[in-house]
Amino acid sequence: MRKLSAFIVPVLVLSCLAMASGCASSVDEESSGGIWKTTKQLYKEYLNTPAAVDLGDKGPCEDYEICLGGAMAEVDMQLRDLQKVMDNSDRAPDQRWVEGMMRRFPWLSGLALTDKAGTPMARFPEHGMKDFNVDQLLEPGKNQRPMALRACVVDSPLGPEIYLGKPVFAGGEFRGLVVAHFDIRSLLSVSKDPGAFMIASPYGLLWPGVYDADSTPVPNQDWADLASGSTKGTVSNSNGTFYWTSSYFANMPLIYALPSEGKFMTKPEQLEALGQTGALAAPHFRGDGATMNDRAVEAQSAPDPAAR
């Protein structure tokens, strides 16, 4: 496995080929920044409702809809921002790009550049806590454009890992993927109330919130089918009902759900353990681009001044 500098050579080759074929595109960062400021303002106005809202005046929605919108809004915004940056990046994923991505999205587990077989050509960090696997991203999803972002979930003993891949093409030929991956639990610190809601996907449950998942109807659903027909709804079992809403992450629907009626068993320890999942995120960069781990390596390899 090569280090971060290994990003430069293979990516320059891919970039030159892509430019020659006319597949490259660029985005005005100032323009996109303005769009996202407006989007975030709309989120705060309509979803992340301030505490002063009059819950007695429900209008067209119920209290649980307001609670879910407020709890999941910042999580969803971060995921939308990641998609926007990955889809519209106009620079090769060299070391500077990697540093910028990890600073902007510190909850990421890592970044990688793969060949067309899904084998990493370069990866940060070089060795993650979970096995790297993008096999499900090598082909576009059903009814999906070949160059569109692709997402999937890969389960592991340490918990599910979400992968987001941007296909790289040259001359109409698929050459590989630029990949960002993460554990959803590392992102939940941005939520005002991460225990209040559950997160699911067609691949299975991603986050149970404070609830005993087996007592809820959320894990036992065909979410690919439900989300294809509606953006919100309810699911029920003998214990009660959960209200859900969906938001697409590339071609994969993410389901946010919380109870609207009934009584469900809880496991508070799940929320208490949430703070420990920060270790699943990649190490942070210092100012010169080196990681915290590099400091230890430098300290060990530095010559002894007394030996001079």
Side-chain angles (χ1 to χ4, degrees), residues 29 32-53 55 61-88 100-111 149 151 153 159-164 180-201 205-211 218 223 227 231-232 242-250 252-260 268 270-282 284:
E29 293 186 2
S32 63
I35 292 173
W36 280 94
K37 286 181 180 178
T38 302
T39 303
K40 189 168 185 179
Q41 181 179 354
L42 291 173
Y43 253 78
K44 289 185 175 180
E45 182 175 353
Y46 294 106
L47 287 179
N48 196 4
T49 313
V53 65
L55 296 180
C61 68
E62 302 292 339
D63 290 352
Y64 53 80
E65 293 183 74
I66 296 175
C67 291
L68 181 57
M72 54 78 73
E74 289 300 325
V75 174
D76 195 52
M77 276 296 302
Q78 287 280 312
L79 295 177
R80 288 176 182 271
D81 198 16
L82 175 62
Q83 293 177 84
K84 187 76 171 180
V85 173
M86 287 283 287
D87 204 23
N88 293 331
M101 287 290 287
M102 296 309 303
R103 288 196 181 98
R104 185 166 182 174
F105 307 106
W107 40 269
L108 289 177
S109 302
L111 298 160
L149 291 176
V153 177
E161 190 81 356
I162 301 176
Y163 288 83
L164 178 66
H181 59 100
F182 59 95
D183 188 308
I184 194 70
R185 295 171 296 178
S186 297
L187 172 57
L188 290 176
S189 62
V190 303
S191 171
K192 297 189 301 183
D193 193 358
F197 62 101
M198 303 175 72
I199 305 177
S201 79
L205 188 66
L206 301 177
W207 166 241
V210 75
Y211 307 102
V218 176
W223 287 117
T231 59
K232 62 182 180 179
F242 264 68
Y243 168 80
W244 63 269
T245 185
S246 66
S247 179
Y248 270 82
F249 185 65
M252 178 179 71
L254 289 178
I255 309 300
Y256 302 92
L258 53 61
S260 57
Q270 293 172 164
L271 190 58
E272 295 170 2
L274 195 60
Q276 302 174 12
T277 59
L280 297 172
H284 292 261

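What you see below is based on every heavy atom in this structure, not just the backbone, and it leaves out hydrogens, waters and symmetry mates.
Ser109 and Asp183 make their closest contact through OG-N, 3.6 Å (heavy atoms, listed as atom of the first residue, atom of the second, distance). A pairwise comparison of heavy atoms in Ala257 and Trp244 identifies CB-CB, 3.9 Å as the closest pair. Contact detail for Ser201 and Met252: the closest heavy-atom pair is CB-SD, 4.3 Å. Smallest separation of non-hydrogen atoms from Ser186 and Ser189: O-OG, 4.1 Å. Closest non-hydrogen pair, Met72 versus Leu68, comes out as CG-O, 2.8 Å. Pairing each heavy atom of Leu164 with each of Met86, the nearest pair is O-CE, 3.8 Å.
A donor-acceptor contact shorter than 3.5 Å is absent between the side chain of Ser191 and the backbone of Glu74. The closest donor-acceptor contact from the side chain of Trp207 to the backbone of Leu188 lies at 3.5 Å or more, if one exists at all. Distance alone, capped at 3.5 Å, is enough to place a donor-acceptor pair between the Trp223 side chain and the Val218 backbone.
Ring geometry for Phe249 against Phe182 counts as perpendicular: the plane angle is over 60°, on a 0 to 90° scale with 30° as the lower cut. Note on ring orientation: taking the six-membered ring where Trp is involved, the planes of Tyr211 and Phe242 are perpendicular (angle over 60°, cut-offs 30° and 60°).
At a threshold of 4.5 Å between non-hydrogen side-chain atoms, the residues Met101 and Leu82 count as touching. Residues Asp87 and Gln83 are not in side-chain contact: their nearest non-hydrogen atoms beyond the backbone lie 4.5 Å or more apart. In this structure, Leu254 and Leu206 have side chains that are in contact, with non-hydrogen atoms separated by less than 4.5 Å. In this structure, the side chains of Asp81 and Phe105 come closer than 4.5 Å at one or more pairs of heavy atoms.
A distance of 8.5 Å separates CG of Leu149 from CG of Asn88, quoted to the nearest 0.5 Å. Between Met102 atom CE and Leu108 atom CG the span is 5.0 Å, to the nearest 0.5 Å. Interatomic distance, Thr245 OG1 to Ile255 CD1, rounded to the nearest 0.5 Å: 8.0 Å. Rounding to the nearest 0.5 Å places CD1 of Ile184 at 10.5 Å from CD of Gln78.
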For this session: Please test Met77 against Val190 for side chain to side chain contact (heavy atoms under 4.5 Å, CB included), starting from the C-alpha separation and ending with a verdict.
Result: CA-CA 10 Å; Met77 276 296 302; Val190 303; over 6 Å; no
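The side-chain contact (heavy atoms from CB on, under 4.5 Å) test applied to Gln270 returns Pro208, Lys267, not counting sequence neighbours.
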